[in-house]
Amino acid sequence: MNEGLAEAADPLGLAAPIVHAQLAWLAHPQELAERAMRLSSDLWRLQWHTWNRAAGLPSTDPIEPHQGDTRFADPVWTESPTWDLIKEWYLAFTHHTQDMLYETPALSSKERRRAAFWWRNWLNAVAPTNFLLTNPVALRKAVESGGASLMRGFENFFADLKAGDIRMTDPDDFKVGENLAVTPGAVIFRNRLLEIIHYAPSQPRIHAEPVVIVTPWINKFYVLDLTPKRSMIRFLLDQGLDVFITSWKNPDASMHELTFDDYLLEGVDTIVRVAREFTAARQVHAVGYCIGGTALAMYMAWANRRHGEDAVPVADWTLFTTLVDFHKPGDIEVFIDKSSIDYLDNKMAQKGYLDGAEMAASFRLLRSNSLIWQYVVNGWLYGETPPPFDVLYWNMDSTRMPYAMHAWYLRELYLHNRLIQPNALEVAGEKLDLSLIRQPMYAVAAEDDHIAPWRQTFAINNHVVGSRRYVLSSSGHILGILNPIVHPPKRRYWVADARRSDTADSWHQRAEQHQGSWWEDWMRWLKPRVGPEVEARPVANDSFPALCPAPGSYVLEP
């Protein structure tokens, strides 16, 4: 009963980890005393710094912002004694609170991370940079502009209020089908769950066997077809590949009973079938991104069980930032426990879906300084209009999750981690066992990915059989994948074949580092596998006529 009351009062587990941390410190007075001594020593150094600055004497800041924390980058935060002291006392309180939470004795690492997460978000929210009267840069801009920056800030605030969101870019700067997702193609198949887009070839001759891309149904497919310079789809076409892609329908309450079986059969299996029938190829070359990659991994296990190794319609597969082992699923772990999932389950059951805006807000909390407060400060306090950024526009174009499928996915994968347990999951009539997968695999992870941490994505190599090539790209979950070839190169990557006995760190020690884009290495791996060159096919044919031009109709639905 007490557990039930706690879940009712704190369904998302905001307060419980913090209370547990406080009780743990009280139960360990010796460790608390040692920590208090360290705190008093640091506070004495800070007090000495305060006296020096108040007296106009030079003094080095005793506490520096963490690397990547740009909130106090303006020189005024160091040059002005008053603002320097505000900054230093805030940083002292913030750093010590976080350090104490991470060092809490007799508390599980998961509980520590959860407590630190919620405290960090509160501390980020009360930073002096977020308020006009404690932000010297905002005050200076207001004076220099004669108050115009404040007027623009009010306009931005009310525009965000009307939009019901803190906008990261102006939605009027982009329009899907006009300056985003403009690669020529056609929808050649549609069912209640997806549209299949076949892209028009950009070369007179193409490779015979098609590439099939399974996109995530969290957000929309055109992350791989943004502006032309960043479009992976356009790059693949220029390499002479024949490309098919999923564009998932944004579900509403009428689709609440859709299950993961439906997504596998009417989604992944369907695009594989359509691409094979369209091209008359025996096999396709499959690609899966994020949750689309997880679905592809499940499909590969399903297809090997259903058809047998020799008859699987996929010759090889590529994964982008994909988890199959959810033991440590990144920062999102703070939202994953029984009470949180029960709360989401009940909420989805009432609506029939999980609202995309709610999910987007949760993801933004994972990086609140860079994804929330930066836009509050720049937009509301400085009166600046965010610059056009295609990735951020796509990120704001959120989608919904149907109740039955998403509830199952959260429980079976995130909560119980059953995908890596042989035969623990049954999907579309087959028990899944990743060790049945013997088709060659190419997997890409991102070094700074907080949604699918690279060391956790590496775990796929310990579960599947067959040749495996693993790549670690610099940057994060999106920009680590959207990595066009440019000169001089902007990014780097590490690459090596992976063994089933490898750990992430042992693989990393022998991986080769290269400057540039991993797209080049992927093409060296993929292009010898996709068959001989043939005359380019039309974008549609009699069996699969064009239902509408790319990017289709589903992607335009709100």
So, [X] versus [Y], ring centres under 6.0 angstrom or not?
X    : Y    : value
F320 : W518 : yes
H508 : W454 : yes
Y470 : Y442 : no

Which atoms form the tightest heavy-atom contact between P551 and I197, and what is the distance?
O-CD1, 3.5 Å
When every non-hydrogen atom of P402 is compared with those of P251, the smallest separation belongs to CD-CG, 3.4 Å
Should F278 and H198 be marked as a ring pair (Phe, Tyr, Trp, His ring centres under 6.0 Å) after you check the CA-CA gap, both sets of side-chain angles, and the distance that decides it?
CA-CA 10 Å; F278 189 99; H198 179 220; 4.6 Å; yes
[Y] backbone acceptor or donor facing [X] side chain under 3.5 Å:
X    : Y    : value
T279 : E209 : no
N417 : Y414 : no
W302 : A428 : yes

E257 atom CD: more than 12 heavy-atom contacts under 6.0 Å
no
List the atom pairs, donor and acceptor, that lie under 3.5 Å between side-chain atoms in residues 227-235 and the rest of the protein, sequence neighbours left out.
from, atom 1, to, atom 2, distance (Å)
T227, OG1, D390, OD2, 2.9
R230, NE, D390, OD1, 3.3
R230, NE, D390, OD2, 3.2
R230, NH2, D390, OD1, 3.3
S231, OG, D225, OD1, 2.7
S231, OG, I233, N, 3.3
S231, OG, R234, N, 3.0

Are D242 and R537 close enough, and set up right, to give a salt bridge (charged side-chain N to carboxylate O under 4.0 Å, His left out), and what steps lead you there?
CA-CA 8 Å; D242 199 5; R537 303 180 180 101; 2.6 Å; yes
Checking salt bridge (charged side-chain N to carboxylate O under 4.0 Å, His left out) for the pair E333/K328: CA distance, chi angles, key distance, verdict?
CA-CA 7 Å; E333 180 185 30; K328 290 184 178 179; over 6 Å; no
Find out whether the Lys NZ or Arg CZ of R529 is both under 6.0 angstrom from the six-membered ring centre of W525 and within 45° of the ring's axis.
yes
Polar contact flag, side-chain donor to acceptor under 3.5 angstrom, [X]-[Y]:
X    : Y    : result
Y403 : D345 : yes
T399 : W248 : no
T457 : T322 : no

Here's a test for you: under side-chain contact (heavy atoms from CB on, under 4.5 Å), which of H307, M300, Q439 qualifies with V314?
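Passing option: M300.
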When the ring planes of W217 and Y409 are compared, do they come out parallel, tilted or perpendicular, using 30° and 60° as the limits?
perpendicular
Would F221 and W394 count as a ring pair (Phe, Tyr, Trp, His ring centres under 6.0 Å) if you check the C-alpha gap in whole Å, the side-chain angles of each, and the deciding distance to 0.1 Å?
CA-CA 9 Å; F221 84 92; W394 166 83; over 10 Å; no
Quick one, F544 with F189, criterion ring pair (Phe, Tyr, Trp, His ring centres under 6.0 Å). Give me CA distance, side-chain angles, the key distance, then yes/no.
CA-CA 7 Å; F544 293 96; F189 179 90; 7.0 Å; no
